[in-house]
Amino acid sequence: MRLATWNINSIRARTERAVAFVERSGVDVLALQETKCKDDQFPREPFEALGYEVVTHGFSQWNGVAVISRVGVDAVEQGFPGMPTWGDPAAAEARALGVTAGGVRVWSLYVPNGREIGDPHYVYKLDWLAKLRDAAAGWLAADAGAQVALVGDWNIAPLDTDVWDPAFFAGRTHVTPAEREAFVAIGGAGYTEVSREHVPAEHTYTYWDYQQLRFPRNEGMRIDLTYASPALAARVTGVTIERNERKGKAPSDHVPVVLEIAD
DNA sequence: ATGTCGACACGCTGTCGA
């Protein structure tokens with residue numbers, strides 16, 4: 001099975017790109033983040049025409065996650081158990097969508113950005129990650145052999161070599177010890193971050209800001225990562241970061257990450 | 001050569017979020 005994750009930064013603005021990627025890459029399952037639309041605004045038809053089922057989770061122009069699958073979709077969950085809320089009045093955001101596809105429990109995750117260190121959104125980000133760890137630990141406690149993929153935009157660069165210049169990020173989010181510890185804690189719950197295992201090269205990025213010519217200068221961040229349960233990690237035979245998707249007209253600021261999973 | 005983009009609305013410019 002081929003499984004991909006991609007922060008598309010508006011599915012409506014990039015429908016043609018997403019369809020072309022699905023056709024070209026031959027993915028069986030595509031987890032999307034930042035779809036930026038409500039469920040009834042999602043362009044389902046072009047994917048369905050290719051034989052995929054489309055599951056969406058979006059409340060507004062912000063956030064939004066989806067899963068597109070040609071190997072079935074079952075047991076759809078919007079949000080994970082214990083997921084924190086945000087806002088006033090407090091409400092769940094569309095940042096997590098779980099589906100079982102091709103025998104794998106796939107979670108499309110859009111971790112909160114955090115904005116600024118100390119901002120309430122930063123506190124929310126850390127809490128969100130802690131609750132995700134708890135939920136993920138529970139899934140393995142219930143079934144040590146579970147096939148689980150936690151994919152998406154983590155908004156954390158786990159290592160200094162995951163950004164072009166650590167000094168630039170001094171005092172900013174995405175690289176703080178607290179965020180990195182929250183990320184490592186998912187591993188502590190029994191999961192393995194498989195994209196680095198298969199693509200270990202330093203300064204290999206998945207995101208480049210639109211501003212300041214970050215892509216031409218290759219000033220990016222590796223923040224789109226995949227945690228796999230032990231049973232699934234053992235089946236991952238390769239990972240590809242689709243850097244070319246950052247090129248051309250109207251790209252997303254993130255590129256897809258594709259996992260090859262043995263039968 | 002370029003120095004950001006997308007969605008929304010009290011909408012054609014300003015605001016928010018990233």
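Treat the numbers as computed from the prediction; the structure is a model and nothing was measured. In the text below, chain A, chain B and the rest are named by the order of the sequence lines, each starting its count at 1.
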Practice task
Verify whether the ring centers belonging to A/F215 and A/Y207 lie closer than 6.0 Å.
Solution key: no
Handout entry: A/R222 side chain vs A/T204 backbone, donor-acceptor pair below 3.5 Å
Key = yes
Practice task
Could you tell me how the ring of A/W164 sits relative to the ring of A/F168: parallel (under 30°), tilted (30 to 60°) or perpendicular (over 60°)?
Solution key: tilted
Problem - B/dC8 and B/dG3, which share atom name C1', separated by this distance in whole Å - result: 26 Å
Handout entry: B/S/- contact track for nucleotides 8-18 of chain B, protein heavy atom under 4.0 Å
Key = S--------BS
Exercise for the section: Mind calculating the distance between CZ (A/R214) and P (B/dT2) to the nearest angstrom? Expected result: 17 Å
Problem - Distance, C1' atom - from B/dT15 to B/dC10, rounded to whole angstrom - result: 13 Å
Problem - Each stem that DNA chain B is part of, given as range with range (3 or more consecutive Watson-Crick or G-U pairs, under 3.5 Å) - result: B:4-9 with B:13-18
Problem - Sub-4.5 Å side-chain heavy-atom contact between A/V257 and A/E242 - result: no
Practice task
May I ask you to check whether A/N113 and A/K125 show a side-chain donor-acceptor distance below 3.5 Å?
Solution key: no
Practice task
Would you mind reading off the distance between A/I11 atom CD1 and B/dC5 atom C1', rounded to a whole angstrom?
Solution key: 16 Å
Problem - Whole-Å C1' distance, B/dC12 and B/dA7 - result: 15 Å
Problem - Output field: ring centroids A/Y110/A/W62 closer than 6.0 Å - result: no
Problem - Flag, side chain of A/T206 to backbone of A/D224, donor-acceptor distance under 3.5 Å - result: yes
Handout entry: Aromatic centroids of A/H254 and A/W208 separated by under 6.0 Å
Key = no
Handout entry: B/dG11 to B/dC16 separation - C1' atoms, rounded to the nearest Å
Key = 15 Å
Exercise for the section: Quick one: label A/R14 by what it contacts on the DNA or RNA (base, sugar-phosphate, nothing), any heavy atom closer than 4.0 Å. Expected result: sugar-phosphate
Practice task
Could you tell me the separation between the CH2 atom of A/W208 and the P atom of B/dC5, rounded to a whole number of Å?
Solution key: 16 Å
